[in-house]
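These notes are about the structure you will find just below.
All figures in this text were calculated on a predicted structure; none of them were measured in a lab. Order of the sequence lines fixes the chain letters, A, B, ..., with proteins taken first and strands second; residue numbering starts at 1 for each chain.
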Amino acid sequence: MTENLLDKGYDPKAVEFRWYQYWEENNHFAADESSDNPSYSIVIPPPNVTGVLHMGHALNITLQDVLCRYQRLLGANVLWLPGTDHAGIATQNVVERNLAAKGLDRYAMGRDDFIGAVWEWKDKYGSTIINQLKRLGASCDWSRERFTMDEGLSRAVRKVFVALYHEGLIYRGSYIINWCPRCRTALADIEVEHAEHEGRLYHIRYPYVNGEGGPIVATTRPETMLGDTAVAVNPEDERYRDLPDNHVVLPLTGRTIPVIYDDYVDMAFGTGALKITPAHDPNDFVVGERHQLPGIKVIGDDGIMTAEAGAFAGLDRFECRKQVLKALEEQGLLVKVEDHAHSIGHCYRCQTVVEPNLSPQWFVKTRPLAEKAIAAVENNNTRIIPEKWRNDYFLWLENVRDWCISRQIWWGHQIPAWTCTDCGFLVVSEEDPDQCPECKGSALVRDNDVLDTWFSSALWPFSTMGWPDKTPLLGKFYPTSVLVTAFDILFFWVARMMMMGLHFMKDVPFYDVYIHALVRDEEGKKMSKSTGNVIDPIDVIENYGTDALRFTLAAFAAQGRDIKLSEKRIEGYRNFINKIWNSARFAFIHIDKETMPGAQSQRLTLPDRWILSRLRHTADSVAEALDDYRFNEAAGTLYQFVWHEFCDWYLEAAKPALYGKTDEPSRNAAIGTLWRVLHDALILLHPFIPFVTEEIWQKLPGTKGSIMQSHFPGRDPTLPENQKDPAAESDMELVMGIITAVRNIRGEMNISPSVALSVFVLTGDNGTLDKLRDQAGLIRTLARIEAMTLTHSGDKPKASATAIVKNVSVSVLLEGVIDVSKESLRLDKEIAKLDKEINMLSKKLGNNDFVAKAPPDVVSQVRQQHAEHTEKMKKLEKNRQTITELQADRG
RNA sequence: GGGCGGGUAGCUCAGUUGGGAGAGCGGCGGCCUUACAAGCCGUAGGUCACAGGUUCGAGCCCUGUUCCGCCUACCA
């Protein structure tokens, strides 16, 4: 026995940083552009550069890391390409806040200085999230880290923009868009979050020109009436067929506006009369275009009423609503106010109420691109897993509207478009132009807008690999193997990558899209800072270790269901990590460099053969599960195997041999088996819990290098060492059954574990008897039996508690140990239980339809079970009788 | 308004071609047995939301009801 290499408990802090550094320094994360091994590639969903690690990232990164580490063990040449996203609006907001604290604002600074300040901020804090990913153990190829604003990616963005423009797939135009008055920028449709809101529906009378009567319109946003340019009614509507006047006076402004007829108007809603505000409502905008109505912008880009609002100019839009209502009421024009629930759009970055606003913007014509993206998934060129997301993907792409890509902020890729102030020509070009190609003038003014961050993210799978250059990296790793992400960016990102990838690479960006769950709190609520229910992954890592966090996330990552996380669970898996640690600690007592060569014994005992067979099943199950992205099953299988088969049974079963209580060949076989199982189990576990497995691996005799360079076990089922051993499994099951039966009796009879038992084992089957003789020592040790009689005939002692295990009757002698009356109760309970089962099986077999129509193997299975149970029942009843007689004898 | 997901042990959840339901935690009882008390041994607990239907047989398939969650939508 040697001095143990491992401390008594596993201390993650002591090892995590060390091994991460070791892996990085030895380039174990690096993809090899010249390798001939099969390629496997993943591009990371780039976290925001302003981001701080949350549980969603932790899950996302863990799953990707499991896949990458697994693939490396299979021998693949893995590229996991990391990076961050410049997150235009979010980052600009953060930096603006910082500046505001110093009394500065971007307008005062000017564009160049402001962008300089953002870069400064990025250089200082941009690596925060990257360092946090490293703490999770992410095995990304950091030598290839990219940023959406770096030079290469910016070149790709520009190339794509110009190409799409010249193909007619990007255009500029004045349309109504979603405007965030706080961020002061346009937003794409999906960047608006809708929330149900208890609002009011105001009924307002618009009098005819003569001041009399007039239609009543209903609106939830009275302040926009100042920009009304018509009242619309349905042409079918009897109520408005013969109006005394086809013009009304717009209250509070005195403007005269027409009554128009449009079948867009729903006669059933409100009064059937609709006010039309083309500049502040997307539907009104469309109606307005149809009728050539002007749009009057009464709400400014800052959310303040414009000069067009007349007396209300200068008021905040919400204050204006109050004032308008007050004025209308005074004039007796506010005829009714009703409660009305409706949904209101909010900016997804700052939650400000979004204002539909008319302004010149750039758009991507989405439909032609979307068609190809739909087809690729329909044809299974890209698989979406779980499949249920396919529908959402199709539905969204089929109904997608043009994508507003211009943002009125400064941080981002500035649009490569210039207008000639002399002739008005629009130049869109990859290179900054010196002169107008039309009039040769030099008065070119660049468009101030930048592109939506998602525009650059959409190119991520190929821009990060060097596109537009034809790089070896692209050749080797595009399309990527899988994209791992949560459903909340299926439309923002996944769909757009599909569109851009197919258009510019002529191939899908990924073969698989694995959509994982959202991480929620214990009550199922979305974790958010404002509700204060966030569990910070870094805190968890500090308290429980990275491996515990990773294993927890993987174990709960069932497809299609969100994860409700609580510390209690993490603690449970922390215990599992510790269990692994201690099993290794135990192994190291027995395995050392000197005994290793002698451990190759062929004289395997039953427990050796059993655990090796179970190991092979486990390796197969883990591989199958991971191949199908069933992370929770892989984790669960490993948990069950390591804890309940290896630790609970095998280690206990091997102890007598290991401690030299049997013979030398058995001891060597046990040491060899112990080594093999630990060795292979570490590899199987490594993708999930890289740190503790590396730490143990490094100390396990007979290994060299990193566990990352090892090979996934059991891949070739034709090799003899990968054969399963069903005979050993079934024999061991009998042995374990007998041991459990004795323990059960001990527990039920309240016999202290310290009391050694006498046991009488009876079986009519000589083959079984021989097997049990071979395992007698094992049974005696694990069940704490002092004297064990094994026989094929004879009567069991009367004063005993008996259990039936398969074709074996196991009797624990109670004389002198305990009162036999307890046994009578115990037997009653067991008989009742068995009786219920026999009844159920009899009923089945008595059903002619079942016997005739069910598959023969099912019927024979039920028959066999029925026979076995009946046999067992006979024995139990006999035992019951013996006990009853015994009780009677004793009066 | 439309669509999707879920309701299984006290709690949190598994359950992959339909053959009579599992785990972890918690509970209860007993153990400091020389890897581990972050542990070991044993044990209780379920009309699988409700109602029908298909089937020899349904947690699983179909219909309806109900509750919860999410996504989506231009009825002001």
Side-chain angles (χ1 to χ4, degrees), chain A residues 4 6 8-10 190 194 201-202 217-221 224 232 264-271 273-277 281-287 340 342-343 356 388-389 391-392 395-396 399 487-488 490-491 518 520 522 524-526 544 555-556 558-566 568-569 571-590 624-625 628 630 632-633 636 639-640 644 647-648 651-652 655 659 739-740 743-748 750-754 782 784 837 840-841 844 847-855 857-859 861-862:
Chain A
N4 207 304
L6 301 186
K8 193 162 175 177
Y10 174 59
I190 50 172
H194 295 272
L201 190 61
Y202 302 94
V217 301
T219 180
T220 54
R221 305 193 56 210
T224 63
Y264 162 73
V265 182
D266 179 356
M267 292 185 280
F269 190 92
T271 57
L274 174 63
K275 63 192 266 319
I276 300 294
T277 323
D281 183 283
N283 302 310
D284 293 5
F285 176 76
V286 176
V287 173
H340 180 71
H342 61 129
S343 74
K388 64 166 180 167
W389 295 109
N391 277 337
D392 294 70
L395 214 67
W396 188 78
N399 298 304
F487 74 84
D488 54 348
L490 185 60
F491 310 138
L518 240 44
R520 297 172 182 283
E522 285 175 85
K525 281 192 284 239
K526 209 167 170 172
Y544 299 97
F556 280 89
Q559 287 187 4
R561 195 187 271 251
D562 287 346
I563 298 176
K564 290 185 203 163
L565 195 69
S566 78
K568 203 79 195 158
R569 264 157 248 199
E571 195 183 318
Y573 288 109
R574 186 271 316 265
N575 295 351
F576 176 58
I577 306 294
N578 196 49
K579 187 76 178 175
I580 295 166
W581 178 261
N582 277 295
S583 70
R585 191 164 180 269
F586 173 76
F588 288 171
I589 293 170
H590 304 285
E624 269 173 46
D628 289 341
R630 298 195 310 263
N632 61 320
E633 277 184 38
Y639 185 95
Q640 168 68 23
H644 298 304
C647 291
D648 285 353
L651 294 185
E652 295 306 321
K655 273 180 184 174
Y659 282 110
I739 292 163
T740 303
R743 285 172 174 170
N744 176 335
I745 290 170
R746 191 193 281 275
E748 299 262 308
N750 280 330
I751 304 167
S752 158
S754 57
L782 293 190
R784 293 190 163 248
E837 286 194 44
M840 189 195 69
L841 294 170
K844 266 190 166 182
N847 182 346
N848 289 331
D849 282 332
F850 173 73
V851 178
K853 293 182 186 170
D857 59 312
V858 173
V859 177
Q861 197 187 316
V862 172

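- Distances were taken from every side-chain heavy atom of A:Val858 (C-beta onward) to each of B:C40, B:G19, B:G42; the shortest belongs to B:G19.
- The base of B:C4 does not come close enough to the side chain of A:Lys388 for any donor and acceptor atom to sit less than 3.5 Å apart.
- Under the 3.5 Å distance criterion, the side-chain polar atoms of A:Asp281 are matched with a main-chain donor or acceptor of A:Asn283.
- Residue A:Glu748 is classed as a sugar-phosphate contact, given heavy-atom separations below 4.0 Å to backbone atoms only.
- The side-chain heavy atoms of A:Arg221 and A:Tyr202, taken from C-beta on, include no pair separated by under 4.5 Å.
- For the P atoms, the distance from B:C61 to B:G5 is 11 Å, rounded to whole Å.
- We find that NE2 of A:His342 is positioned 8 Å from P of B:A76, with the value rounded to whole Å.
- Considering only side-chain N and O atoms, A:Lys655 lies under 4.0 angstrom from the phosphate OP1 or OP2 of B:A35.
- A:Arg746 places a side-chain N or O within 3.5 Å of a backbone atom of A:Arg784 that can act as its donor or acceptor partner.
- In this structure, the nucleotide among B:U33, B:A76, B:G19 sitting nearest to the side chain of A:Phe269 is B:A76.
- Checking B:C56, B:G19, B:G42 against the side-chain heavy atoms of A:Asn744 singles out B:G42 as nearest.
- B:C56 sits 43 Å from B:C41 when the C1' atoms are compared, rounded to a whole Å.
- Using a 4.0 Å heavy-atom criterion, one finds that A:Ser752 contacts no nucleic acid atom at all.
- When the nucleotides B:A73, B:U12, B:G42 are ranked by their closest atom to the side chain of A:His194, B:A73 comes out on top.
- Regarding A:Asn578, its CG atom lies at a distance of 11 Å from the P atom of B:C36, rounded to whole Å.
- The residue A:Lys844 sits close to a base: some heavy atom pair falls under 4.0 Å.
- For A:His340 against A:Phe269, the heavy-atom pair with the smallest separation is CE1-CZ, 3.8 Å.
- Minimum heavy-atom separation, A:Lys275 to A:Thr224: NZ-OG1, 2.7 Å.
- When the P atom of B:A37 is taken as reference, atom CZ of A:Arg574 falls 12 Å away, rounded to whole Å.
- The nearest whole Å value for the distance from the CG atom in A:Leu841 to the P atom in B:G20 is 10 Å.
- Residue contacts for A:Pro753: at a heavy-atom cut-off of 4.0 Å it reaches the sugar-phosphate backbone alone, with no base atom in range.
- B:C13 and B:C28 are spaced 23 Å apart, taking the C1' atom of each and rounding to whole Å.
- Separating the CG atom of A:Asn582 from the C1' atom of B:C36 is a distance of 4 Å, rounded to the nearest angstrom.
- Between the CD1 atom of A:Ile577 and the C1' atom of B:G39 there is a distance of 16 Å, given to the nearest Å.
- When each of A:Asn391 and A:Trp396 is assigned the nucleotide of RNA chain B bearing its nearest heavy atom, the one mapping closer to the 5' terminus is A:Asn391.
- In terms of modelled atom types and a separation under 3.5 Å, the side chain of A:Asn399 and the main chain of A:Leu395 share a donor-acceptor contact.
- Taking atom C1' in both B:G6 and B:C74, the straight-line distance is 31 Å, to the nearest Å.
- Looking at heavy-atom distances under 4.0 Å, A:Arg221 makes no contact with the nucleic acid at all.
- Counting only heavy atoms from C-beta outward, the side chains of A:Val859 and A:Lys844 never approach each other to under 4.5 Å.
- As judged by a 4.0 angstrom heavy-atom cut-off over every strand, A:Tyr264 is placed among the base-contacting residues.
- Among the nucleotides B:U72, B:U33, B:A35, the one closest to any side-chain atom of A:Arg784 is B:U33.
- Between A:Tyr10 and A:Asn578 the shortest heavy-atom distance is N-OD1, 3.2 Å.
- Closest contact between the side chain of A:Phe487 and the listed nucleotides B:A76, B:C36, B:C71 involves B:C71.
- With B:G19, B:C40, B:G20 as the choices, the nucleotide that has an atom nearest any side-chain atom of A:Met840 turns out to be B:G20.
- Position along RNA chain B of the nearest nucleotide to A:Leu395 versus A:Asp849 favours A:Leu395 as the more 5'-ward residue.
- Listed candidates were B:A38, B:A35, B:C56. Nearest to the side chain of A:Phe586 is B:A35.
- Backbone-only engagement by A:Asn847 is indicated by non-hydrogen atom pairs under 4.0 Å involving sugar-phosphate atoms exclusively.
- Separation of the P atoms belonging to B:G2 and B:G18 is 31 Å when rounded to the nearest angstrom.
- The two residues A:Ile190 and A:Phe491 come nearest to each other via the heavy atoms CD1-C, 4.0 Å.
- Checked against B:C56, B:A76, B:A35, the side chain of A:Ala854 finds its nearest nucleotide in B:C56.
- Note on A:Arg743: only backbone sugar-phosphate atoms sit closer than 4.0 angstrom, heavy atoms only; bases stay farther off.
- Geometrically, A:Lys579 does not engage A:Tyr639 in a cation-pi contact, judged by NZ or CZ lying under 6.0 Å from the ring centre and within 45° of the ring axis.
- Distance noted for atom P between B:U47 and B:U8: 12 Å (whole Å).
- Taking both residues in full, the closest heavy atoms of A:Leu274 and A:Val217 are given as C-CG1, 4.2 Å, listed atom of the first, atom of the second, then distance.
- What separates OH of A:Tyr202 from C1' of B:A76 is a distance of 14 Å, to the nearest Å.
- In this structure, A:Thr271 and A:Ala218 approach most closely via the heavy-atom pair OG1-N, 4.3 Å.
- Rounding to whole angstrom units, CZ of residue A:Phe556 and P of B:U12 are separated by 12 Å.
- Using a 4.0 Å heavy-atom distance criterion, A:Thr219 is classed as a sugar-phosphate-only contact.
- As rounded to the nearest Å, B:C60 and B:U16 have P atoms that lie 11 Å from one another.
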Atom pairs, protein N/O to nucleotides 23-25 of chain B N/O, distance under 3.5 Å:
from  : atom 1 : to       : atom 2 : distance (Å)
B:G24 : OP1    : A:His644 : NE2    : 3.3

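- Stems are defined here as 3 or more consecutive Watson-Crick or G-U wobble pairs with pairing distances under 3.5 Å; those involving RNA chain B are B:1-7 with B:66-72, B:10-13 with B:22-25, B:27-31 with B:39-43, B:49-53 with B:61-65.
- With both ends at atom P, the span from B:A35 to B:C48 equals 45 Å, rounded to whole Å.
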Verdict with supporting geometry, A:Trp396 and A:Leu490, side chain to side chain contact (heavy atoms under 4.5 Å, CB included): CA-CA 10 Å; A:Trp396 188 78; A:Leu490 185 60; over 6 Å; no

